[in-house]
There are 2 protein chains.
Amino acid sequence: MPTYKEIQSVLLDRIKSGEWKPGMLMPPEAELAGEFGTTRVTVNRAMQALAEDGFVERRRKAGTRVVRRMTRDAHVRIRIVRDEIEQSGRRYSYLLVSRGVERPPQAIQAELGLAAETGALHVMCLHFADGKPFQLENRWISLDVVPQAADERFETVSPNEWLLQTVPYSNAEHVFRAAGASPQETEHLDLGPNEPVFIIERTTWLEGQTVTHVRLSHPADGFRIVTRD
Amino acid sequence: MPTYKEIQSVLLDRIKSGEWKPGMLMPPEAELAGEFGTTRVTVNRAMQALAEDGFVERRRKAGTRVVRRMTRDAHVRIRIVRDEIEQSGRRYSYLLVSRGVERPPQAIQAELGLAAETGALHVMCLHFADGKPFQLENRWISLDVVPQAADERFETVSPNEWLLQTVPYSNAEHVFRAAGASPQETEHLDLGPNEPVFIIERTTWLEGQTVTHVRLSHPADGFRIVTRD
DNA sequence: GAGTGGTCTAGACCACTCG
DNA sequence: GAGTGGTCTAGACCACTCA
């Protein structure tokens, strides 16, 4: 008697091998239960897992179809920058560049959902790998949502790590892009003017309220994002 | 009687609100089943979903713990370049630059897992948005794994789309990075020398065999990757 | 050894949606 | 209306692993 994971794997093989082609209707659960000598519930569990993984689409009455893919999904795991540097065997160091409450530029203000007059905590800092600038962190924190940040100096703990401790389960959206180095990036990352940088922008919210917006800039050589799956 | 999804959502709220903090042991399934007035199986389904989403870790006898996160996961959906351009309301066009069987450079040879003497199909082509170069596709295809590719001219269908039709459920690994434009990119993408480009490199395999390796280069302005979740 | 999660069965009812 | 998936229950046995 196969487990649902074995069934899942067999069904996936049939999809990958082309026995069941994209767009095709798969047999109903009851029929597969008969074939595998198991219950419908077990087959159901297997097919739900396939649906979560994006291989099939299921609708009541309509049945289960192999998905026609016009996209590729990839998963990215972004580590705390300190761990990323240390796990690659390099020495990590940290430098606070500036910290203060300011009125953010309009784009950031909109992103944070702030009223026109409200200030936010602006922190800039640098992360080094073996003494070389690795990442410039340019961050705005909403003091409405995280008032505790006002008491934190960020002289030894980076806002990145502090926020992950303080607001561990916020949601986030990331933008990855490339650009020529801005004057600020040129200066702090020790680059020539307009040299390529890799930028991650992240906006983080908790229960509908924006917590923070950050721009993480990296010299293009020595930084890459690798997906898993 | 709550459904497992309702239970999942209640448990997630307790985690997000900090009632159950990172590292904490959660009550056993049997106890929660009592609390929710349902069966252990239903609670189990809810907690398995939380585990798949990365919020908790479960071990027999040890119980279920809220995960201590030092990472952030993000999901990326990469569309076929034609869809990406057309869905943004721009006109898509395609140009084949070159196509032929060649001995690939060593790095690609290793990536494709080819013997030293073996050739592979090398295709270069361009994707335009409103007549402006949007993406340079530089691809190597293993003829051992996809012999049908030898008969395909790629004059109107890009290798990207052809492969997605032909080998729809291969696995892939992506690398995202930034760089200054190479001479080739400078020429085809209509850039100045060393202007920033955003590069996606993708290696694709099917049942342990490498199908293809591709380098997709984009002018940095006008290209970004946005994550979902 | 004993507590915890992993999974199965058999039967049931419900919810959706296609024709 | 009828076929399909979504989910629950009650009970059971097993697999792991901590103390």
Side-chain angles (χ1 to χ4, degrees), chain A residues 1-16 19-69 73 169 229, chain B residues 1-16 19-69 73 169 229:
Chain A
M1 63 205 90
T3 69
Y4 83 87
K5 285 188 176 163
E6 289 166 340
I7 295 177
Q8 179 183 350
S9 149
V10 171
L11 299 180
L12 188 52
D13 281 348
R14 291 188 189 168
I15 291 172
K16 288 196 170 177
E19 182 180 338
W20 289 336
K21 297 199 188 310
M24 257 181 79
L25 194 61
M26 291 163 67
E29 294 180 352
E31 189 178 323
L32 291 172
E35 176 191 337
F36 288 110
T38 180
T39 324
R40 188 170 76 81
V41 180
T42 304
V43 174
N44 179 278
R45 189 77 178 78
M47 297 187 87
Q48 285 201 11
L50 289 176
E52 270 180 28
D53 293 345
F55 290 106
V56 304
E57 269 174 3
R58 326 192 70 203
R59 288 211 315 279
R60 286 161 159 147
K61 167 70 180 176
T64 301
R65 279 178 196 286
V66 180
V67 166
R68 267 204 181 78
R69 286 221 232 187
D73 289 0
Y169 290 106
D229 273 21
Chain B
M1 63 204 93
T3 69
Y4 83 88
K5 285 188 176 165
E6 288 166 340
I7 295 177
Q8 177 183 353
S9 149
V10 170
L11 299 181
L12 188 52
D13 281 348
R14 292 188 190 167
I15 291 171
K16 287 197 170 177
E19 182 179 340
W20 289 335
K21 296 198 189 308
M24 257 180 80
L25 193 62
M26 291 162 67
E29 294 180 351
E31 188 179 323
L32 291 171
E35 177 192 336
F36 289 111
T38 180
T39 325
R40 189 171 76 83
V41 181
T42 304
V43 174
N44 178 279
R45 189 78 178 79
M47 295 186 89
Q48 284 202 11
L50 289 176
E52 271 179 28
D53 293 345
F55 290 106
V56 303
E57 268 173 4
R58 326 192 70 203
R59 288 211 316 279
R60 287 160 158 147
K61 167 70 181 178
T64 301
R65 279 179 195 284
V66 180
V67 166
R68 267 205 183 81
R69 286 221 233 187
D73 289 0
Y169 290 107
D229 272 25

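We name chains A, B, ... by the order of the sequence lines, and we start the count at 1 in each one.
- Proximity of A/Asn44 to A/Tyr4: side-chain heavy atoms (C-beta onward) are nowhere separated by under 4.5 Å.
- For the pair A/Glu6 CD and C/dG6 P, the computed distance is 17 Å after rounding to whole Å.
- Counting only heavy atoms from C-beta outward, the side chains of A/Glu52 and B/Glu52 approach each other to under 4.5 Å.
- Protein atom CD of A/Glu57 is 18 Å distant from nucleotide atom P of D/dT4, rounded to whole Å.
- Residues B/Leu12 and B/Lys16 form a side-chain contact, since some pair of their non-hydrogen atoms from C-beta on lies under 4.5 Å apart.
- Pair assignment for D/dG3 gives C/dC16, based on Watson-Crick or G-U wobble hydrogen-bonding distances that are each under 3.5 Å.
- Within the 4.0 Å cut-off from OP1 or OP2 of D/dG5, not a single side-chain nitrogen or oxygen of A/Gln48 is found.
- At least one side-chain nitrogen or oxygen of B/Thr38 sits closer than 4.0 Å to the OP1 or OP2 atom of D/dT9.
- The pair B/Arg40-B/Glu29 meets the salt-bridge criterion, with a side-chain N (NZ, NE, NH1 or NH2) lying under 4.0 Å from an Asp/Glu carboxylate O.
- Atom CG of B/Leu32 is separated from atom P of C/dT4 by 11 Å (rounded to the nearest Å).
- The CD-P distance, from B/Gln8 to D/dG6, rounds to 15 Å in whole Å.
- Regarding A/Arg45, its CZ atom lies at a distance of 12 Å from the C1' atom of D/dT7, rounded to whole Å.
- For A/Arg14, the CZ atom is densely surrounded, since the number of other residues' heavy atoms within 6.0 Å is greater than 12.
- Contact annotation: A/Arg58 reaches the phosphate of D/dG6 (side-chain N/O to OP1 or OP2, under 4.0 Å).
- Comparing D/dC8, C/dC8, D/dG6 by their closest approach to the side chain of B/Tyr4 singles out D/dC8.
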Where do N or O atoms of nucleotides 13-17 of chain C meet protein N or O atoms at under 3.5 Å, pair by pair?
residue, atom, partner, partner atom, Å
C/dA15, N3, A/Arg60, NE, 3.3

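- Side-chain contact between B/Glu19 and B/Asp13: absent, with no pair of heavy atoms (C-beta onward) separated by less than 4.5 Å.
- Counting heavy-atom neighbours within 6.0 Å of A/Glu57 CD, excluding the residue itself, gives a total of 12 or less.
- Map A/Thr64 and A/Val41 each onto its nearest nucleotide of DNA chain D; the residue landing nearer the 5' end is A/Thr64.
- For the pair A/Asn44 CG and C/dA10 P, the computed distance is 16 Å after rounding to whole Å.
- The interatomic distance linking B/Glu29 (CD) with D/dC16 (C1') rounds to 14 Å, in whole Å.
- Separating the CD1 atom of B/Ile7 from the C1' atom of D/dC8 is a distance of 10 Å, rounded to the nearest angstrom.
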